[in-house]
Amino acid sequence: MAFEVRFEDSRTRARVGRLTTPHGAVETPVFMDVGTLGTVKALEPRDLEELGTQVVLGNTYHLLLRPGAEVIAAAGGLHRFMRWDGPILTDSGGFQVFSLARMRQITEEGCRFNSHIDGHEFFLGPKESMAMQRVLGSDIAMVFDECLPYPCARERAEKSVEQTLRWARRSKEEPHAEGQQVFGIVQGGIHDDLRRHCAEELVAIGFDGYAIGGVSVGEPEEFMYRAVEASVPFLPKDSPRYVMGLGVPHQMAECVARGVDMFDCVIPTRIARHGTAITRHGNVAIKAAKWTFDPGPVEEGCDCYCCRNFSRSYVRHLLACDEILGLRLLTIHNVRALNRFMEEMRSAIAGGTFSEWKEQIRKETTNNE
RNA sequence: GCGGGAGUAGAUCAAUUGGUUAGAUCAACAGAUUGUGAUUCUGUGGGUUGCGGGUUCGAGUCCCGUCUCCUGCC
(Lines give C-alpha, C1' and ligand atoms only; values in the text may rest on other atoms or scores of the structure.)
Protein backbone atom coordinates (compact mmCIF):
# COMPACT_ATOMS: atom_id res chain seq x y z
CA MET A 1 0.00 0.00 0.00
CA ALA A 2 1.38 3.37 -0.97
CA PHE A 3 -0.22 5.08 2.00
CA GLU A 4 0.22 4.08 5.59
CA VAL A 5 -1.55 5.63 8.57
CA ARG A 6 0.93 5.73 11.45
CA PHE A 7 -0.86 7.61 14.24
CA GLU A 8 -4.49 8.45 14.74
CA ASP A 9 -5.76 11.15 17.04
CA SER A 10 -8.19 9.81 19.63
CA ARG A 11 -10.47 12.85 19.70
CA THR A 12 -10.57 13.93 16.06
CA ARG A 13 -10.15 12.34 12.63
CA ALA A 14 -6.60 13.70 12.43
CA ARG A 15 -3.89 11.24 11.50
CA VAL A 16 -0.20 11.13 10.69
CA GLY A 17 0.70 9.09 7.67
CA ARG A 18 3.32 8.30 5.10
CA LEU A 19 2.73 8.34 1.39
CA THR A 20 5.25 6.47 -0.71
CA THR A 21 6.00 7.66 -4.25
CA PRO A 22 8.64 6.81 -6.86
CA HIS A 23 10.50 9.94 -5.77
CA GLY A 24 10.42 9.38 -2.05
CA ALA A 25 8.13 9.26 0.94
CA VAL A 26 5.87 12.08 2.04
CA GLU A 27 5.01 12.64 5.69
CA THR A 28 1.40 13.72 6.13
CA PRO A 29 -0.36 15.97 6.89
CA VAL A 30 1.58 17.81 4.23
CA PHE A 31 1.47 21.22 2.62
CA MET A 32 2.56 21.13 -1.02
CA ASP A 33 4.07 24.12 -2.78
CA VAL A 34 2.53 25.28 -6.00
CA GLY A 35 4.94 25.44 -8.92
CA THR A 36 2.52 25.97 -11.78
CA LEU A 37 5.01 26.55 -14.56
CA GLY A 38 7.63 24.12 -13.38
CA THR A 39 9.03 26.44 -10.71
CA VAL A 40 7.95 27.49 -7.27
CA LYS A 41 8.12 31.17 -8.04
CA ALA A 42 11.32 32.82 -6.78
CA LEU A 43 12.80 29.57 -5.39
CA GLU A 44 15.34 27.03 -6.56
CA PRO A 45 15.02 23.29 -5.96
CA ARG A 46 17.87 23.46 -3.45
CA ASP A 47 15.92 26.10 -1.53
CA LEU A 48 12.92 23.79 -1.41
CA GLU A 49 15.04 20.97 -0.04
CA GLU A 50 16.44 23.20 2.69
CA LEU A 51 12.97 24.50 3.53
CA GLY A 52 11.59 21.01 4.04
CA THR A 53 9.21 21.06 1.11
CA GLN A 54 8.08 17.54 0.35
CA VAL A 55 5.95 17.86 -2.77
CA VAL A 56 5.84 20.35 -5.63
CA LEU A 57 2.80 20.90 -7.81
CA GLY A 58 2.90 21.27 -11.54
CA ASN A 59 0.05 22.32 -13.79
CA THR A 60 -1.02 20.43 -16.88
CA TYR A 61 -2.83 23.35 -18.47
CA HIS A 62 0.02 25.83 -18.14
CA LEU A 63 2.79 23.43 -19.06
CA LEU A 64 0.83 22.23 -22.06
CA LEU A 65 0.69 25.80 -23.35
CA ARG A 66 4.26 26.58 -22.45
CA PRO A 67 6.66 25.00 -23.12
CA GLY A 68 4.45 22.21 -24.53
CA ALA A 69 4.48 18.44 -24.29
CA GLU A 70 7.31 17.99 -26.78
CA VAL A 71 9.77 20.05 -24.77
CA ILE A 72 8.99 18.24 -21.53
CA ALA A 73 9.14 14.87 -23.27
CA ALA A 74 12.50 15.74 -24.81
CA ALA A 75 13.80 16.68 -21.37
CA GLY A 76 12.71 13.32 -20.00
CA GLY A 77 9.82 14.53 -17.86
CA LEU A 78 9.16 17.35 -15.45
CA HIS A 79 11.50 16.08 -12.70
CA ARG A 80 14.50 16.25 -14.98
CA PHE A 81 13.34 19.40 -16.73
CA MET A 82 13.01 21.42 -13.52
CA ARG A 83 15.63 19.48 -11.57
CA TRP A 84 13.42 18.51 -8.67
CA ASP A 85 14.00 14.98 -7.51
CA GLY A 86 11.24 14.93 -4.93
CA PRO A 87 7.62 13.99 -5.47
CA ILE A 88 5.56 15.99 -7.96
CA LEU A 89 1.80 16.20 -8.07
CA THR A 90 0.24 17.53 -11.24
CA ASP A 91 -3.10 19.20 -11.43
CA SER A 92 -5.20 18.12 -14.38
CA GLY A 93 -6.16 21.51 -15.74
CA GLY A 94 -9.71 21.04 -14.51
CA PHE A 95 -9.45 24.07 -12.29
CA GLN A 96 -8.48 26.23 -15.26
CA VAL A 97 -11.70 25.17 -16.97
CA PHE A 98 -13.38 26.81 -14.05
CA SER A 99 -11.14 29.82 -13.57
CA LEU A 100 -10.91 30.63 -17.27
CA ALA A 101 -14.63 30.04 -17.72
CA ARG A 102 -15.12 32.87 -20.18
CA MET A 103 -13.20 31.08 -22.85
CA ARG A 104 -14.60 27.64 -22.42
CA GLN A 105 -16.85 25.40 -24.41
CA ILE A 106 -17.51 22.14 -22.64
CA THR A 107 -18.38 18.90 -24.41
CA GLU A 108 -18.48 15.30 -23.32
CA GLU A 109 -14.90 14.93 -24.48
CA GLY A 110 -13.54 17.87 -22.55
CA CYS A 111 -13.06 21.54 -22.94
CA ARG A 112 -12.17 23.88 -25.77
CA PHE A 113 -10.04 26.87 -24.82
CA ASN A 114 -8.31 29.73 -26.41
CA SER A 115 -4.84 30.16 -25.06
CA HIS A 116 -4.61 33.16 -22.76
CA ILE A 117 -1.17 33.81 -24.22
CA ASP A 118 -1.72 34.02 -27.96
CA GLY A 119 -5.36 33.08 -28.48
CA HIS A 120 -4.63 29.79 -30.18
CA GLU A 121 -7.40 27.26 -29.77
CA PHE A 122 -6.70 24.00 -27.99
CA PHE A 123 -8.53 21.19 -26.33
CA LEU A 124 -8.20 19.59 -22.90
CA GLY A 125 -10.20 16.62 -21.67
CA PRO A 126 -9.52 13.53 -19.57
CA LYS A 127 -7.65 11.90 -22.44
CA GLU A 128 -5.43 14.92 -23.21
CA SER A 129 -4.88 15.72 -19.54
CA MET A 130 -3.78 12.20 -18.64
CA ALA A 131 -1.56 12.01 -21.70
CA MET A 132 0.14 15.26 -20.66
CA GLN A 133 0.49 14.15 -17.05
CA ARG A 134 2.04 10.95 -18.33
CA VAL A 135 4.58 13.01 -20.25
CA LEU A 136 5.19 15.14 -17.18
CA GLY A 137 5.83 11.93 -15.28
CA SER A 138 4.36 13.22 -12.04
CA ASP A 139 4.20 10.93 -9.03
CA ILE A 140 0.56 11.82 -8.53
CA ALA A 141 -1.80 12.73 -11.35
CA MET A 142 -5.19 14.30 -10.76
CA VAL A 143 -8.26 13.31 -12.75
CA PHE A 144 -9.72 15.87 -15.11
CA ASP A 145 -12.72 17.37 -13.32
CA GLU A 146 -15.04 20.32 -13.39
CA CYS A 147 -14.64 22.72 -10.48
CA LEU A 148 -17.98 24.24 -9.57
CA PRO A 149 -18.24 27.88 -8.66
CA TYR A 150 -19.94 29.13 -5.52
CA PRO A 151 -22.83 29.67 -5.40
CA CYS A 152 -24.17 27.07 -7.79
CA ALA A 153 -27.72 25.88 -8.36
CA ARG A 154 -28.42 22.30 -7.41
CA GLU A 155 -29.44 21.18 -10.89
CA ARG A 156 -26.21 22.46 -12.37
CA ALA A 157 -24.23 20.84 -9.55
CA GLU A 158 -25.92 17.47 -10.19
CA LYS A 159 -25.08 17.51 -13.89
CA SER A 160 -21.57 18.66 -13.16
CA VAL A 161 -20.93 15.86 -10.66
CA GLU A 162 -22.03 13.28 -13.22
CA GLN A 163 -19.74 14.85 -15.79
CA THR A 164 -16.87 14.84 -13.30
CA LEU A 165 -17.54 11.15 -12.56
CA ARG A 166 -17.56 10.21 -16.25
CA TRP A 167 -14.32 12.13 -16.73
CA ALA A 168 -12.87 10.42 -13.64
CA ARG A 169 -13.61 6.97 -15.13
CA ARG A 170 -11.98 7.93 -18.40
CA SER A 171 -9.01 9.43 -16.55
CA LYS A 172 -8.54 6.16 -14.71
CA GLU A 173 -8.71 4.10 -17.92
CA GLU A 174 -6.11 6.14 -19.77
CA PRO A 175 -2.50 4.94 -19.60
CA HIS A 176 -0.31 6.46 -16.89
CA ALA A 177 3.37 6.90 -16.27
CA GLU A 178 5.32 4.17 -14.50
CA GLY A 179 4.45 4.18 -10.80
CA GLN A 180 2.16 7.17 -11.21
CA GLN A 181 -0.69 7.30 -8.74
CA VAL A 182 -4.03 8.78 -9.74
CA PHE A 183 -6.30 10.70 -7.41
CA GLY A 184 -10.04 11.20 -7.90
CA ILE A 185 -11.71 14.51 -7.05
CA VAL A 186 -14.91 14.80 -5.04
CA GLN A 187 -17.16 17.61 -6.24
CA GLY A 188 -20.75 18.45 -5.34
CA GLY A 189 -20.60 22.02 -4.15
CA ILE A 190 -22.32 22.57 -0.84
CA HIS A 191 -24.78 19.74 -1.33
CA ASP A 192 -24.03 17.02 1.22
CA ASP A 193 -25.78 14.23 -0.70
CA LEU A 194 -23.96 15.10 -3.92
CA ARG A 195 -20.64 15.06 -2.10
CA ARG A 196 -21.47 11.65 -0.67
CA HIS A 197 -22.65 10.33 -4.02
CA CYS A 198 -19.55 11.60 -5.77
CA ALA A 199 -17.26 10.14 -3.09
CA GLU A 200 -18.93 6.72 -3.21
CA GLU A 201 -18.83 6.55 -7.00
CA LEU A 202 -15.16 7.51 -7.05
CA VAL A 203 -14.36 4.86 -4.46
CA ALA A 204 -16.21 2.33 -6.61
CA ILE A 205 -13.95 3.24 -9.53
CA GLY A 206 -10.97 2.98 -7.21
CA PHE A 207 -8.21 5.58 -6.93
CA ASP A 208 -4.90 5.81 -5.10
CA GLY A 209 -6.11 8.87 -3.23
CA TYR A 210 -9.07 11.22 -3.08
CA ALA A 211 -9.21 14.97 -3.31
CA ILE A 212 -11.96 17.28 -2.21
CA GLY A 213 -12.31 19.95 -4.84
CA GLY A 214 -14.48 22.95 -5.30
CA VAL A 215 -13.72 24.43 -1.89
CA SER A 216 -12.09 27.76 -1.08
CA VAL A 217 -13.77 29.25 -4.13
CA GLY A 218 -15.38 32.11 -2.23
CA GLU A 219 -17.80 30.22 0.00
CA PRO A 220 -18.08 30.94 3.74
CA GLU A 221 -15.56 29.05 5.87
CA GLU A 222 -18.22 26.84 7.52
CA PHE A 223 -19.40 25.63 4.10
CA MET A 224 -15.88 24.55 3.33
CA TYR A 225 -15.65 22.44 6.50
CA ARG A 226 -19.07 21.05 5.82
CA ALA A 227 -18.06 19.97 2.32
CA VAL A 228 -15.12 18.13 3.89
CA GLU A 229 -17.35 16.54 6.53
CA ALA A 230 -19.79 15.45 3.85
CA SER A 231 -17.04 13.73 1.84
CA VAL A 232 -14.45 12.22 4.19
CA PRO A 233 -16.68 9.59 5.90
CA PHE A 234 -17.24 7.95 2.50
CA LEU A 235 -13.58 7.77 1.57
CA PRO A 236 -11.34 4.82 2.50
CA LYS A 237 -9.45 5.29 5.76
CA ASP A 238 -6.29 3.89 4.25
CA SER A 239 -6.16 6.32 1.33
CA PRO A 240 -4.76 9.84 1.40
CA ARG A 241 -7.26 12.70 1.33
CA TYR A 242 -6.39 15.99 -0.21
CA VAL A 243 -8.21 19.32 0.00
CA MET A 244 -7.27 21.28 -3.07
CA GLY A 245 -6.36 24.93 -3.01
CA LEU A 246 -6.29 25.44 0.72
CA GLY A 247 -3.38 26.93 2.62
CA VAL A 248 -4.57 29.18 5.45
CA PRO A 249 -3.04 27.70 8.63
CA HIS A 250 -6.08 27.49 10.88
CA GLN A 251 -8.22 26.23 7.98
CA MET A 252 -5.75 23.43 7.32
CA ALA A 253 -5.80 22.51 11.02
CA GLU A 254 -9.60 22.32 10.92
CA CYS A 255 -9.51 20.11 7.84
CA VAL A 256 -6.89 17.81 9.36
CA ALA A 257 -9.21 17.44 12.34
CA ARG A 258 -11.79 16.24 9.82
CA GLY A 259 -9.49 13.63 8.35
CA VAL A 260 -7.55 15.44 5.60
CA ASP A 261 -3.89 14.66 4.85
CA MET A 262 -2.79 16.93 2.01
CA PHE A 263 -3.05 20.58 0.98
CA ASP A 264 -1.72 22.95 -1.62
CA CYS A 265 -2.10 26.66 -2.09
CA VAL A 266 -0.61 29.65 -3.86
CA ILE A 267 -1.04 31.78 -0.77
CA PRO A 268 2.41 31.55 0.83
CA THR A 269 4.30 32.34 -2.37
CA ARG A 270 1.83 34.88 -3.69
CA ILE A 271 1.46 36.96 -0.56
CA ALA A 272 5.23 36.85 -0.13
CA ARG A 273 5.55 38.55 -3.50
CA HIS A 274 2.96 41.05 -2.32
CA GLY A 275 5.04 41.86 0.77
CA THR A 276 3.21 39.88 3.46
CA ALA A 277 4.81 37.40 5.85
CA ILE A 278 3.02 34.41 7.37
CA THR A 279 3.78 34.08 11.07
CA ARG A 280 2.47 32.19 14.06
CA HIS A 281 0.69 35.38 15.07
CA GLY A 282 -1.03 36.06 11.78
CA ASN A 283 0.04 37.83 8.64
CA VAL A 284 2.46 40.75 8.86
CA ALA A 285 2.87 43.39 6.16
CA ILE A 286 6.67 43.62 6.00
CA LYS A 287 6.38 46.40 3.43
CA ALA A 288 4.91 48.73 6.06
CA ALA A 289 6.97 51.79 6.95
CA LYS A 290 6.87 50.94 10.64
CA TRP A 291 9.58 48.32 10.05
CA THR A 292 11.93 50.83 8.40
CA PHE A 293 14.47 50.64 11.25
CA ASP A 294 13.46 47.29 12.73
CA PRO A 295 16.52 45.11 13.38
CA GLY A 296 14.53 41.97 14.24
CA PRO A 297 13.85 39.02 11.92
CA VAL A 298 10.69 38.68 9.86
CA GLU A 299 9.48 36.19 12.46
CA GLU A 300 10.99 35.80 15.91
CA GLY A 301 12.27 32.25 16.38
CA CYS A 302 12.00 31.19 12.74
CA ASP A 303 14.83 28.97 11.49
CA CYS A 304 14.67 29.95 7.81
CA TYR A 305 17.58 31.49 5.90
CA CYS A 306 15.78 34.85 5.75
CA CYS A 307 15.11 35.06 9.48
CA ARG A 308 18.53 33.72 10.47
CA ASN A 309 20.34 36.40 8.48
CA PHE A 310 18.30 39.47 7.66
CA SER A 311 16.38 42.20 9.45
CA ARG A 312 12.85 43.35 8.78
CA SER A 313 14.44 46.68 7.93
CA TYR A 314 16.50 45.11 5.15
CA VAL A 315 13.73 42.93 3.74
CA ARG A 316 11.34 45.89 3.83
CA HIS A 317 13.92 47.97 1.99
CA LEU A 318 14.30 45.32 -0.72
CA LEU A 319 10.55 45.04 -1.16
CA ALA A 320 10.16 48.81 -1.28
CA CYS A 321 12.73 48.93 -4.07
CA ASP A 322 11.21 45.99 -5.97
CA GLU A 323 14.43 44.06 -5.63
CA ILE A 324 14.23 40.40 -6.65
CA LEU A 325 15.96 39.33 -3.45
CA GLY A 326 13.10 40.76 -1.38
CA LEU A 327 10.59 38.48 -3.10
CA ARG A 328 12.94 35.58 -2.72
CA LEU A 329 13.65 36.07 0.96
CA LEU A 330 10.02 36.52 1.90
CA THR A 331 9.00 33.52 -0.22
CA ILE A 332 11.67 31.49 1.57
CA HIS A 333 10.21 32.56 4.88
CA ASN A 334 6.58 31.85 4.00
CA VAL A 335 7.32 28.43 2.58
CA ARG A 336 9.34 27.56 5.66
CA ALA A 337 6.63 28.97 7.93
CA LEU A 338 4.01 26.62 6.48
CA ASN A 339 6.37 23.65 6.47
CA ARG A 340 7.20 24.31 10.14
CA PHE A 341 3.49 24.62 10.80
CA MET A 342 2.86 21.17 9.32
CA GLU A 343 5.82 19.69 11.21
CA GLU A 344 4.35 21.00 14.44
CA MET A 345 0.97 19.61 13.49
CA ARG A 346 2.37 16.14 12.83
CA SER A 347 4.19 16.19 16.18
CA ALA A 348 1.05 17.27 17.97
CA ILE A 349 -0.96 14.45 16.41
CA ALA A 350 1.71 11.86 17.15
CA GLY A 351 2.08 13.24 20.67
CA GLY A 352 -1.65 13.17 21.38
CA THR A 353 -1.97 16.92 21.86
CA PHE A 354 -3.56 17.84 18.55
CA SER A 355 -6.82 19.28 19.92
CA GLU A 356 -5.05 21.62 22.34
CA TRP A 357 -2.56 22.61 19.67
CA LYS A 358 -5.32 23.37 17.18
CA GLU A 359 -7.16 25.55 19.69
CA GLN A 360 -3.96 27.46 20.40
CA ILE A 361 -3.37 27.99 16.69
CA ARG A 362 -6.87 29.28 16.21
CA LYS A 363 -6.33 31.89 18.94
CA GLU A 364 -2.84 32.91 17.87
CA THR A 365 -3.34 33.23 14.15
CA THR A 366 -6.64 35.05 14.27
CA ASN A 367 -5.14 37.86 16.35
CA ASN A 368 -3.28 39.81 13.76
CA GLU A 369 -0.06 41.06 15.31
C1' G B 1 23.17 95.31 -7.04
C1' C B 2 20.41 94.44 -11.89
C1' G B 3 17.71 91.05 -15.30
C1' G B 4 15.22 86.32 -16.18
C1' G B 5 12.78 81.85 -14.32
C1' A B 6 10.37 78.94 -10.59
C1' G B 7 7.43 78.30 -5.85
C1' U B 8 0.61 73.69 -6.16
C1' A B 9 -0.28 66.82 -1.45
C1' G B 10 5.46 63.74 1.95
C1' A B 11 8.05 63.61 -3.48
C1' U B 12 7.77 64.72 -8.89
C1' C B 13 4.47 67.29 -11.73
C1' A B 14 -0.86 68.65 -14.09
C1' A B 15 -4.81 72.15 -14.12
C1' U B 16 -7.83 73.57 -21.81
C1' U B 17 -4.31 81.66 -22.51
C1' G B 18 -9.75 83.95 -15.25
C1' G B 19 -14.76 79.60 -14.57
C1' U B 20 -18.04 73.94 -10.84
C1' U B 21 -15.70 70.50 -5.31
C1' A B 22 -7.28 71.95 -7.64
C1' G B 23 -5.94 66.30 -10.44
C1' A B 24 -2.22 62.31 -11.74
C1' U B 25 1.84 59.19 -10.49
C1' C B 26 4.95 57.49 -6.57
C1' A B 27 5.12 57.26 -1.26
C1' A B 28 1.94 56.50 3.33
C1' C B 29 -2.13 53.81 5.42
C1' A B 30 -5.93 49.94 5.10
C1' G B 31 -8.04 45.70 2.73
C1' A B 32 -8.07 41.63 -0.70
C1' U B 33 -5.54 37.27 -2.53
C1' U B 34 -7.14 29.86 -1.22
C1' G B 35 -5.93 22.92 -7.47
C1' U B 36 -1.19 31.03 -9.66
C1' G B 37 -3.85 34.51 -16.55
C1' A B 38 -1.19 37.71 -9.55
C1' U B 39 6.47 41.45 -8.24
C1' U B 40 -1.19 41.92 -8.72
C1' C B 41 -5.82 44.27 -7.51
C1' U B 42 -9.15 47.55 -4.55
C1' G B 43 -9.89 51.41 -1.31
C1' U B 44 -8.57 55.63 2.17
C1' G B 45 -6.16 59.79 4.06
C1' G B 46 -3.42 63.87 2.59
C1' G B 47 -3.67 71.05 -0.18
C1' U B 48 -4.68 78.17 3.75
C1' U B 49 -1.77 76.65 -4.51
C1' G B 50 5.37 80.29 -0.34
C1' C B 51 3.35 84.71 2.46
C1' G B 52 0.47 89.55 2.48
C1' G B 53 -2.54 92.75 -0.20
C1' G B 54 -5.29 94.18 -4.78
C1' U B 55 -8.44 93.75 -9.44
C1' U B 56 -12.88 90.73 -10.60
C1' C B 57 -19.42 88.07 -10.10
C1' G B 58 -15.27 84.59 -9.83
C1' A B 59 -7.87 84.12 -8.96
C1' G B 60 -3.45 78.32 -8.77
C1' U B 61 -3.97 81.55 -13.21
C1' C B 62 -3.90 88.82 -13.73
C1' C B 63 -1.52 93.24 -10.74
C1' C B 64 1.57 95.14 -6.41
C1' G B 65 4.65 94.02 -2.35
C1' U B 66 7.52 90.43 0.23
C1' C B 67 10.35 85.75 1.20
C1' U B 68 13.00 81.45 -0.76
C1' C B 69 15.50 78.72 -4.57
C1' C B 70 17.67 78.39 -9.58
C1' U B 71 20.06 80.98 -13.56
C1' G B 72 22.49 84.98 -16.25
C1' C B 73 25.08 89.89 -16.11
C1' C B 74 28.14 93.61 -13.56
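Because the structure is a prediction, the values reported are computed rather than measured. Numbered from 1 within each chain, the chains take letters A, B, ... in sequence-line order.
- No engagement by A:Glu323 is indicated, since no non-hydrogen atom pair under 4.0 Å with the nucleic acid exists.
- The phosphate of B:rG37 has OP1 or OP2 within less than 4.0 Å of a side-chain N or O from A:Gln96.
- A:Ile185 comes within 4.0 angstrom of a base, heavy atoms only.
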Going through the checks in order, is the side-chain contact (heavy atoms from CB on, under 4.5 Å) test met by A:Phe263 and A:Leu338?
CA-CA 11 Å; A:Phe263 304 91; A:Leu338 282 198; over 6 Å; no

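- What separates CE of A:Met244 from C1' of B:rU36 is a distance of 13 Å, to the nearest Å.
- Between A:Tyr61 and A:Phe122, the ring planes are tilted. Angles from 30° to 60° get that label.
- The pair A:Arg15-A:Glu8 fails the salt-bridge criterion, with no side-chain N (NZ, NE, NH1 or NH2) lying under 4.0 Å from an Asp/Glu carboxylate O.
- Taking atom C1' on both nucleotides, B:rA27 is separated from B:rA9 by 11 Å, rounded to a whole Å.
- Candidate nucleotides B:rU33, B:rG35, B:rU36 were compared by shortest atom distance to the side chain of A:Asp145, and B:rG35 ranks first.
- Screening A:Leu327, A:Thr53, A:Thr331 for a side-chain contact (heavy atoms from CB on, under 4.5 Å) involving A:Leu43 leaves a single residue, A:Thr331.
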Test side-chain contact (heavy atoms from CB on, under 4.5 Å) applied to A:Gln180 and A:Ile140, step by step
CA-CA 6 Å; A:Gln180 187 174 50; A:Ile140 300 168; over 6 Å; no

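- Nucleotides B:rU61 and B:rA22, compared at atom C1', are 12 Å apart to the nearest Å.
- Here the separation of B:rA6 from B:rC74, taken at their P atoms, is 24 Å to the nearest Å.
- B:rC57 and B:rG7 have their C1' atoms separated by 29 Å, with the value rounded to a whole Å.
- The gap from the P atom of B:rU25 to that of B:rC73 amounts to 41 Å, rounded to the nearest Å.
- The CZ-C1' distance, from A:Phe31 to B:rG35, rounds to 11 Å in whole Å.
- Cation-pi geometry between A:Arg316 and A:Trp291 is not met at under 6.0 angstrom from the ring centre and within 45 degrees of the axis.
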Go through A:Asp91 and A:Gln96 one step at a time and tell me if the side-chain contact (heavy atoms from CB on, under 4.5 Å) criterion holds.
CA-CA 10 Å; A:Asp91 190 18; A:Gln96 277 64 39; 4.1 Å; yes

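- Side-chain N/O atoms of A:Arg270 include one lying less than 4.0 angstrom from OP1 or OP2 on B:rU34.
- Checking the phosphate oxygens (OP1, OP2) of B:rG35, no side-chain nitrogen or oxygen of A:Asn59 falls inside 4.0 Å.
- The separation of B:rG46 from B:rA28, taken at their C1' atoms, amounts to 9 Å, rounded to a whole angstrom.
- Backbone-only engagement by A:Ile267 is indicated by non-hydrogen atom pairs under 4.0 Å involving sugar-phosphate atoms exclusively.
- When the nucleotides B:rU34, B:rG37, B:rA38 are ranked by their closest atom to the side chain of A:Val248, B:rU34 comes out on top.
- For the pair A:Leu64 CG and B:rU36 C1', the interatomic distance rounds to 17 Å; values are reported in whole Å.
- Rounded to whole Å, the distance from CG on A:Asp91 to P on B:rU34 is 15 Å.
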Test side-chain contact (heavy atoms from CB on, under 4.5 Å) on A:Glu221 and A:His250 and set out the steps.
CA-CA 11 Å; A:Glu221 202 170 290; A:His250 77 272; 3.2 Å; yes

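- Each of A:Arg273 and A:Gln187 lies near RNA chain B, and the nucleotide nearest A:Gln187 is the one positioned closer to the 5' end.
- If you measure from atom CD of A:Glu146 to atom C1' of B:rG35, you get 14 Å, rounded to the nearest angstrom.
- Counting non-hydrogen atoms under 4.0 angstrom, A:Ala288 reaches the backbone sugars and phosphates but no base.
- Rounded to whole Å, the separation between the C1' atoms of B:rU21 and B:rU49 comes to 15 Å.
- As rounded to whole Å, 11 Å separates atom P of B:rU36 from atom OH of A:Tyr61.
- In this structure, A:Gly218 reaches neither bases nor backbone, as no heavy-atom distance under 4.0 Å exists between it and the strands shown.
- In this entry the distance linking CG of A:Asp322 with P of B:rA38 reads 17 Å, nearest Å.
- Closest to the A:Ala289 side chain, of the nucleotides B:rA28, B:rU34, B:rU36, is B:rA28.
- Proximity note for A:Arg316 (side chain, C-beta onward) versus B:rU34, B:rA28, B:rU39: the nearest is B:rA28.
- Listed pair A:Ser216 / B:rU34 fails the phosphate criterion, with no side-chain N or O lying under 4.0 Å from OP1 or OP2.
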For RNA chain B, the expected dot-bracket line (Watson-Crick or G-U under 3.5 Å, [ ] crossing, | inter-strand) is (((((((..((((.....[...)))).(((((.......))))).....(((((..]....)))))))))))).

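- If you check the side chains of A:Asp193 and A:His191, you find no donor sitting under 3.5 Å from an acceptor.
- A:Gln360 and A:Glu356 share no donor-acceptor pair across their side chains, judged by distance under 3.5 Å alone.
- Rounded to whole Å, the P atom of B:rC64 lies 34 Å from the corresponding atom of B:rA24.
- Nearest nucleotide to the A:Leu246 side chain, out of B:rG35, B:rU34, B:rU39: B:rU34.
- In this structure, A:His274 counts as stacked on the base of B:rU40 under the 5.5 Å centre distance and 30° plane angle limits.
- Look at CG on A:Leu319: it is 11 Å from P on B:rA28, rounded to the nearest Å.
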